[in-house]
Amino acid sequence: MKIKFTKMHGAGNDFVVLDAVNQAISLTPAQWQFIADRRFGIGADQMLVVEKAQGAGIDFRYRIYNADGGEVEQCGNGARAFVRFVTEKGLTDKRAIRVETMSGVIEPRLEDDGQITVDMGAPILTPADVPFDSHGLQHRSEAEDNLWPLDVAGKTTWISVVSMGNPHAVQLVDDSEAAPVLTDGPLIEHHPRFPKRVNAGFMQVVDRHHINLRVYERGAGETLACGTGACAAVVAGIRRGLLDSPVAVQTHGGVLNIAWAGPGEPVMMTGPAVTVFEGEIDLPDQL
Ligand SMILES: N[C@@H](CCC[C@H](N)C(=O)O)C(=O)O
């Protein structure tokens with residue numbers, strides 16, 4: 001089966017984007033894994049599928065698959081790549097687009113300078129809705145936030161739990177470069193307290209408007225940037241009384257700018273989205 005694709009990235013978080021408005025796309029988890037494979041396939045952290053909208057007043061639907069083949073609820077960098085894709089493909093001439101995702105409608109907007117701003121919606125802060133199983137745990141309060149103790153590699157790690165449509169566990173570290181992202185990241189991702197697994201963020205506060213962030217992503221491993229992870233970290237940092245909006249988030253792949261006015265308010269994320277190349281892949285039917 002031959003499929004046309006576009007290779008894109010947002011701050012180095014890379015995507016294979018498929019147009020399911022003009023071609024039929026229905027793949028198995030093994031086929032998604034094949035596409036994501038950096039040696040045998042195309043290579044990507046996530047695959048994004050752009051479809052016709054189902055709801056009234058909505059422009060498109062877009063679906064997100066992690067490199068491990070699992071479909072997930074939300075992707076911040078992907079939302080910006082989605083806007084660049086539908087604009088460049090001539091699928092819309094709107095600059096402000098309403099798009100359905102698995103976790104609700106988000107509203108990205110193409111700015112005059114080429115950056116893309118996404119209204120990511122309000123963060124979900126109730127542990128059970130993240131979802132995080134806090135049963136029997138004693139939290140520690142810091143300003144407006146509750147920090148939860150997580151047993152990781154024989155030590156207690158204090159985390160903020162935030163959902164941006166997808167689940168995040170954010171911890172504060174002194175130095176993000178020295179943080180145990182590759183060793184503790186997978187243990188946090190698969191921690192039994194997170195029934196849907198989790199994205200693990202390691203945040204270093206530089207000053208009240210700047211952080212350094214690394215994220216070990218659920219289903220993809222450490223990526224060069226995670227948009228929802230940047231939103232979750234800034235929400236956690238503001239709630240802990242450590243940050244003031246707006247915050248520039250330095251990732252290994254670039255800077256994302258995040259603004260949040262407080263509980264119940266949407267998180268606004270601004271950053272780049274780049275098309276790298278186009279291609280066609282002959283996808284094995286049997287994998
Ligand atoms: N890279 C993304 C998040 C992609 C999904 C995530 N790995 C999950 O499983 O929730 C972003 O930019 O937000």
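Side chains are part of it too, since the values below use all heavy atoms of this structure and drop only hydrogens, waters and symmetry mates. Order of listing sets the numbers, starting from 1, for every ligand and every atom in it. Residue numbers count from 1 along this sequence.
- In this structure, Asp129 CG and Ser163 OG are separated by 8.5 Å, a value rounded to the nearest 0.5 Å.
- Considering both main-chain and side-chain atoms, Asn199 comes within under 3.5 Å of ligand 1 through a nitrogen or oxygen pair.
- The Asn77 neighbourhood of ligand 1 comprises atoms 11 (C), 12 (O), with distances under 4.0 Å to a heavy atom of that residue.
- Side-chain atoms of Gln33 come within 3.5 Å of backbone N or O of Asp68 as a donor-acceptor pair.
- Note: an N/O pair closer than 3.5 Å links Asn166 and ligand 1 by distance alone.
- At the top of the distance list for atom 3 (C) of ligand 1, counting protein heavy atoms only, stands Glu217 OE1, 3.4 Å.
- Proximity of Phe60 to Thr92: side-chain heavy atoms (C-beta onward) are separated by under 4.5 Å at one or more points.
- With a 4.5 Å cut-off on side-chain heavy atoms, Ser141 and Leu147 do not count as touching.
- Salt-bridge annotation for Glu107 and Arg98: present, with a side-chain N of the basic residue lying under 4.0 Å from a carboxylate O of the acidic one.
- Inclusion of Gly76 in the set of residues having an N or O under 3.5 Å from an N or O of ligand 1 is warranted.
- Proximity of Asp45 to ligand 1 is not established, as no heavy-atom distance is less than 4.0 Å.
- When each of Lys94, Arg95, Arg109 is paired with Asp59, the salt bridge (charged side-chain N to carboxylate O under 4.0 Å, His left out) condition holds for Lys94 and for no other.
- Applying the 4.0 Å criterion to heavy atoms of Asn13 picks out, from ligand 1, the atoms 1 (N), 2 (C), 11 (C), 12 (O).
- For ligand 1, the atoms closer than 4.0 angstrom to any heavy atom of Gln74 are 3 (C), 4 (C), 5 (C).
- Taking 4.5 Å as the limit, some side-chain heavy atom of Glu222 sits within range of a side-chain heavy atom of Leu182.
- Taking 4.0 Å as the cut-off, Ala220 does not count as a neighbour of ligand 1 on heavy-atom distance.
- Among protein heavy atoms, the minimum distance from atom 2 (C) of ligand 1 is reached at Cys75 SG, 3.1 Å.
- Atoms of ligand 1 lying under 4.0 Å from any heavy atom of Thr228, numbered from 1 in the order shown and given with element: 3 (C), 11 (C), 12 (O), 13 (O).
- Of the protein's heavy atoms, Gly227 N, 2.7 Å lies nearest to atom 12 (O) of ligand 1.
- A salt bridge is absent between Arg140 and Asp145: the closest approach of a Lys/Arg side-chain nitrogen to an acidic carboxylate oxygen does not fall below 4.0 angstrom.
- Phe82 places none of its side-chain heavy atoms less than 4.5 Å from the side chain of Val17.
- Proximity of Asn66 to ligand 1 is established by a heavy-atom distance of less than 4.0 Å.
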